[in-house]
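Everything below concerns the one structure shown next.
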Protein chains: 2
Amino acid sequence: MPVTLRPGQALGLWREVTLAQVVDDAPDLTIRQLAILLTVYLEPPPHTIRGLAARLQVTKPVITRALDTMGAMKLVARHRDEADKRNVLVRRTVEGSLFVEKIGDTIIAKARELPT
Amino acid sequence: MPVTLRPGQALGLWREVTLAQVVDDAPDLTIRQLAILLTVYLEPPPHTIRGLAARLQVTKPVITRALDTMGAMKLVARHRDEADKRNVLVRRTVEGSLFVEKIGDTIIAKARELPT
DNA sequence: CTCGGTCGTTACGGTTCCGTATCAAGTAGC
DNA sequence: GCTACTTGATACGGAACCGTAACGACCGAG
């Protein structure tokens, strides 16, 4: 069932979801980390460090560090590209899928709670 | 004009807006800082440090530090409560209003770009 | 084989954030 | 006045992040 979103409600929805992220025991991700995570899970593979850096317009070390952190959280995984061993491919994990899915559920849930 | 949001699109919208925040020169706020900012601007005053800490379920120093940072960015302002001088009231600023408004515009703009 | 170019990682110094604990200022009851 | 309580700010050590710069591993043209 689709949810209608009026301009005045958009910010309220954003606030509710952001707040839910903070209040929950959810891993405390940076905005950048979140952007990386969502890109990996919503855009078709393959995902390379270089590609992600270009997509987010940040430097490569930012991506490397974010992958270190999120890798420790098991939200993403690294994998050498066998075809071109210079590349590192970023892959999804079960834990990451569940985490992203949960965010989606939160958005929809909060959207439904909006005053009509 | 309202925008319809289907479950499968919610995450895509979230990604687009988060990405826009990263790519823009927007002040690099923490998730927590963003939650505080949106709460101050979307919920009716007054806002106290204690109240915000309780609302976000974080400790008081977190709020104090966030207000230090966002205060330096002119996104919020502190003001002593004259009635009870122990309290500090968090108030909105012109710059903060513009920033929050811009986020709202981004959400709506990205929502309209979603595939029908 | 060699050498320029590309890839991701690491090193560095600096800044910011965290949580816990402590603090000064202010209030209210006695 | 004095004490118990509340409020927000601060101190501290530790952790994470940033951007710049340098690094080793790898590819591919010649």
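A, B, ... follow the sequence lines: proteins, then strands. Residue 1 opens every chain. The shown structure was predicted, so the numbers you read here are calculated from the model rather than taken from an experiment.
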Expressed as a whole number of angstroms, how long is the span from [X]:[atom1] to [N]:[atom2]?
{"X": "B:Asp28", "N": "C:dT15", "atom1": "CG", "atom2": "P", "answer": "17 Å"}
{"X": "A:His79", "N": "C:dG8", "atom1": "NE2", "atom2": "P", "answer": "14 Å"}
{"X": "B:Met70", "N": "C:dT16", "atom1": "CE", "atom2": "P", "answer": "15 Å"}
{"X": "A:Leu67", "N": "C:dC7", "atom1": "CG", "atom2": "P", "answer": "16 Å"}
{"X": "B:Glu82", "N": "C:dT27", "atom1": "CD", "atom2": "C1'", "answer": "15 Å"}
{"X": "A:Ile63", "N": "C:dC7", "atom1": "CD1", "atom2": "P", "answer": "14 Å"}

Counterpart residues, salt bridge (Lys or Arg N to Asp or Glu O under 4.0 Å), relative to A:Asp68 (two or more places apart) =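 Only A:Arg78 meet the salt bridge (Lys or Arg N to Asp or Glu O under 4.0 Å) criterion with A:Asp68.
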request  = Go through the structure and list residues passing salt bridge (Lys or Arg N to Asp or Glu O under 4.0 Å) with A:Arg55, not counting sequence neighbours.
outcome  =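 Here the qualifying residues are A:Glu43.
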ask   = Can you give one letter per nucleotide of nucleotides 19-26 of chain C, going 5' to 3': B for a protein heavy atom under 4.0 Å from the base, S for sugar-phosphate only, - for none?
value = BBB----B
Quick one: list whatever passes side-chain contact (heavy atoms from CB on, under 4.5 Å) with [X], sequence neighbours left out.
{"X": "B:Pro46", "result": "B:Leu89"}
{"X": "A:Gln57", "result": "B:Val23"}
{"X": "A:Arg86", "result": "A:Asp84"}
{"X": "B:Arg32", "result": "A:Val22, A:Asp28, B:Thr30, B:Val58, B:Val62"}

key: C:dT9 phosphate, OP1 or OP2, under 4.0 Å from A:Thr64 side-chain N/O   =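 Yes, such a contact exists.
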query = Do the side-chain N or O atoms of A:Arg78 get closer than 4.0 angstrom to the phosphate oxygens (OP1, OP2) of C:dG8?
reply =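 Answer no for this pair, as no side-chain N or O of A:Arg78 is under 4.0 Å from OP1 or OP2.
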inquiry  = Taking the side chain as everything from C-beta on, heavy atoms only, tell me whether B:Leu75 gets closer than 4.5 Å to B:Gln33.
reply    =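 B:Leu75 vs B:Gln33: side chains apart.
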ask   = For B:Arg50, what residues pass the side chain to side chain donor-acceptor pair (under 3.5 Å) criterion, not counting sequence neighbours?
value =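 Partners of B:Arg50 under the side chain to side chain donor-acceptor pair (under 3.5 Å) test: none.
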message = Going by side chain to side chain donor-acceptor pair (under 3.5 Å), name the residues that satisfy it together with A:Thr39, two or more places apart in sequence or in a different chain.
response =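 By the side chain to side chain donor-acceptor pair (under 3.5 Å) rule, A:Thr39 matches B:Arg15.
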key: Pairs where residues 88-99 of chain A contributes a residue and the test salt bridge (charged side-chain N to carboxylate O under 4.0 Å, His left out) is met, not counting sequence neighbours   =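 Every pair satisfying salt bridge (charged side-chain N to carboxylate O under 4.0 Å, His left out) with a residue in residues 88-99 of chain A: there are none.
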key: Boundaries of the chain A footprint along DNA chain D (any atom under 4.0 Å from a heavy atom)   =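 Endpoints of the contacted stretch of DNA chain D: D:dC17 to D:dC27.
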query = Is the backbone N or O of A:Val40 less than 3.5 Å from a side-chain atom of A:His47, with the two atoms forming a donor-acceptor pair by type?
reply =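 Flag set: sc A:His47 to bb A:Val40 pair under 3.5 Å.
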message = Using C1' atoms of five pairs at each end, report the bend of the helix from C:dC1-D:dG30 to C:dC30-D:dG1 rounded to 10 degrees.
response =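 Axis angle across the helix from C:dC1-D:dG30 to C:dC30-D:dG1, nearest 10°: 10°.
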